[in-house]
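This chain uses plain numbering: 1 for the first residue, then up along the sequence.
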Amino acid sequence: VIGSGSFALILVVAVAFLYVLPIILFLPCFCILSLVRTFRIRYRSRYHTNPEDVRIAVIGSGWSGLQIIDRLTELGVTQIQGYERWEEIGGCWNPKIGYFNQAVHAPMYMTSFANYP
């Protein structure tokens, strides 16, 4: 017959095995991974390539093309060449294309670009 004292001891050992042992085993792993991540973030350069040395071609000057050009200039890229098959920018909103029943369901100030009025 197992006494009540030995049952308590078995219970303590079981709790230690289930809850404490994994913490003891995995805590060094978490600490090492945290240090490696901190080291990688702190000592890597912000850009792999200097943005002024990059040459980028943007094909199409619709909404997406204009926004990517704007974002690239914010990031410091200076050598951007845009290509559009029409004489003016606008993509599918160019008056020469003239899609039937094409409209914007928003006020004009929301659909215009600050850098490209």
Quiz item: In Å and rounded to the nearest 0.5 Å, what is the CD1 to CD1 distance from I56 to I68?
Solution: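 It comes to 7.5 Å.
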Below 3.5 Å, can you tabulate the donor-acceptor pairs from side chains in residues 77-84 to any protein atom, sequence neighbours excluded?
{"residue": "E84", "atom": "OE1", "partner": "S61", "partner atom": "N", "Å": "2.7"}
{"residue": "E84", "atom": "OE1", "partner": "S61", "partner atom": "OG", "Å": "2.9"}

Quiz item: Out of T73, L75, I69, which one pairs with R71 under the side chain to side chain contact (heavy atoms under 4.5 Å, CB included) rule?
Solution: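 With R71 as partner, side chain to side chain contact (heavy atoms under 4.5 Å, CB included) holds for just one option, L75.
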